[in-house]
Number of protein chains: 2
Amino acid sequence: MARPRSFDEKQVLNAVRDQFWDAGYAATSLEDLMRVSGLGKGSLYAAFGDKRQLFLRALHGYTEEIHAELREVLADAPRALDALRALLEPPIDASPGADAGAVTRRGCLMANSAYELGNADPEVLAHAHRTYEKSTALIGDCVARAQREGDLPAGADPVALARALLAAQQGLVFMSRTGLDAEALTATARSLAARLLPDQGQAGSG
Amino acid sequence: MARPRSFDEKQVLNAVRDQFWDAGYAATSLEDLMRVSGLGKGSLYAAFGDKRQLFLRALHGYTEEIHAELREVLADAPRALDALRALLEPPIDASPGADAGAVTRRGCLMANSAYELGNADPEVLAHAHRTYEKSTALIGDCVARAQREGDLPAGADPVALARALLAAQQGLVFMSRTGLDAEALTATARSLAARLLPDQGQAGSG
DNA sequence: GGAGTTCTTGACCGTTCGGTCCACCATATG
DNA sequence: CATATGGTGGACCGAACGGTCAAGAACTCC
């Protein structure tokens, strides 16, 4: 028996997430948030709390999505090794309005946020830590599966390799963010994949 | 025939650099800069221009230092392979007042800046790009030397491996920044080094 | 020691920020 | 159709920001 909301919470969170992703936290003003969400200040505050809380909501939604995708990629691949190799492909830009297949320049929202706010906001840092530990666990499981499937040497510690893969992937995203051209980025990705995930009994050479 | 400056430009730039490094660009106010430099607003503006110019000065000084150190490390090592391995050690905190040997939590100023300002400030992004291209070249030379010394397979493209090493290093710094404990960080570094820079004819296993 | 020049200091300014509040509105119920 | 309930949006606020400026201090040269 009251006026219903005129907006979809999820749509607003997605729009807000893209804004934070493109511009960063500090460089995004409430006016920006009003513009991309189509809501007034009062509505934003009533629905989500202040700027920081809204940001955290968007960030949590982002990491959940990322993990869902990661879980899917790792589970769906017939061979675990292929899924792991997919992690080390040049990162693609999925932002609205990006050229299809173009390399990303806005990086990963979680990484951007950890870099921008890690020193000042322990909660963001802790969330980043949890996020990457979770990713490590998921990737580690996939490594173990690849070992069982005979595609990776059985002796190695799956978690150590998982961490190495994650670090390498973040490095790739970073290089992409600094404007490294697509060709060099592809070569770097191949070089990393060839060494971190070589075909059994064959050394990488690219 | 005028009043001499009462401060040392280099000391001020170092203090300012540390402040930006610890807090980021946006989160550093002019008041912070006055505090760490010991100068008044007017002096800062007269000597260095506005906040952004002062930041760029500090950033350029930082990257020059980094490259000088990198050149030194790569040149001084009797064997090039050892120098390359040093790149993949867990990053140490060299900030004033840090525990000796502690892992860094403030990362690399250039990387932090590229992440925070890359979208908004093309000059920062371009500087990051130039910086990493230069690093790639230096590391590539060292890779070539390691190949000549017989410590790395001669067939591989030195630049591709250099890029892979650089990406891996940035990944390590990032993981460290998110608060990964020193033990896991060390294991990750070893894992990366074992795979990217294996002993000749021996596969890594950590 | 006086003059000229540069450096230093802090008061001051306009702008923009995040955040609050309230008058107005749309809807559901009886 | 009257009323109660919650949503909406913009006016408004204090604070903090980056930046300017003028007056005084410190120094060198003549």
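These values consider heavy atoms only, across backbone and side chains, with no hydrogens, waters or symmetry-generated copies.
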Colleague: Send over the distance from A:Asp50 CG to D:dC13 P, rounded to a whole Å.
Modeller: 22 Å
Colleague: Enumerate, atom names and distances included, each donor-acceptor pair closer than 3.5 Å involving a side-chain atom of residues 179-187 of chain B, sequence neighbours excluded.
Modeller:
from	atom 1	to	atom 2	distance (Å)
B:Asp181	OD2	B:Glu183	N	3.4
B:Asp181	OD2	B:Ala184	N	3.2
B:Thr186	OG1	B:Ala182	O	2.8

Colleague: Would you list the pairs meeting salt bridge (charged side-chain N to carboxylate O under 4.0 Å, His left out) in which at least one residue belongs to residues 80-89 of chain B, sequence neighbours left out?
Modeller: B:Arg85-B:Asp199
Colleague: So which pairs with a foot in residues 119-129 of chain A pass salt bridge (charged side-chain N to carboxylate O under 4.0 Å, His left out), sequence neighbours left out?
Modeller: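 Non-adjacent pairs meeting salt bridge (charged side-chain N to carboxylate O under 4.0 Å, His left out): A:Arg52-A:Asp121, A:Arg52-A:Glu123.
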Colleague: For DNA chain C, which residues of residues 14-46 of chain A approach it to below 4.0 angstrom with any heavy atom?
Modeller: A:Thr28, A:Ser29, A:Leu30, A:Lys41, A:Gly42, A:Tyr45
Colleague: Among all residues two or more places apart in sequence or in another chain, which pass the side-chain contact (heavy atoms from CB on, under 4.5 Å) test with A:Leu13?
Modeller: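 Expected list: A:Glu9, A:Phe48, A:Leu54, A:Arg57.
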Colleague: Identify every side-chain donor-acceptor pair in residues 72-81 of chain A under 3.5 Å, counting partners at least two apart or on other chains, and give the distances.
Modeller:
from	atom 1	to	atom 2	distance (Å)
A:Arg79	NE	A:Asp151	OD2	2.9
A:Arg79	NH2	A:Asp151	OD1	2.4
A:Arg79	NH2	A:Asp151	OD2	2.9

Colleague: Within this structure, what is the CZ-to-P distance between B:Phe48 and D:dG18, rounded to whole angstrom?
Modeller: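 Taking CZ of B:Phe48 and P of D:dG18, I get 17 Å after rounding.
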Colleague: Whole Å only: how far is the CD atom of A:Glu9 from the P atom of D:dT8?
Modeller: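 Answer to the nearest Å: 11 Å.
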Colleague: For B:Arg106, does its backbone N or O pair with a side-chain atom of B:Asn112 as donor and acceptor, under 3.5 Å?
Modeller: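 Looks like yes, one N/O pair under 3.5 Å.
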Colleague: What's the NZ-P distance between B:Lys51 and D:dT20, to the nearest Å?
Modeller: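 So the NZ-P distance, B:Lys51 to D:dT20, works out to 14 Å.
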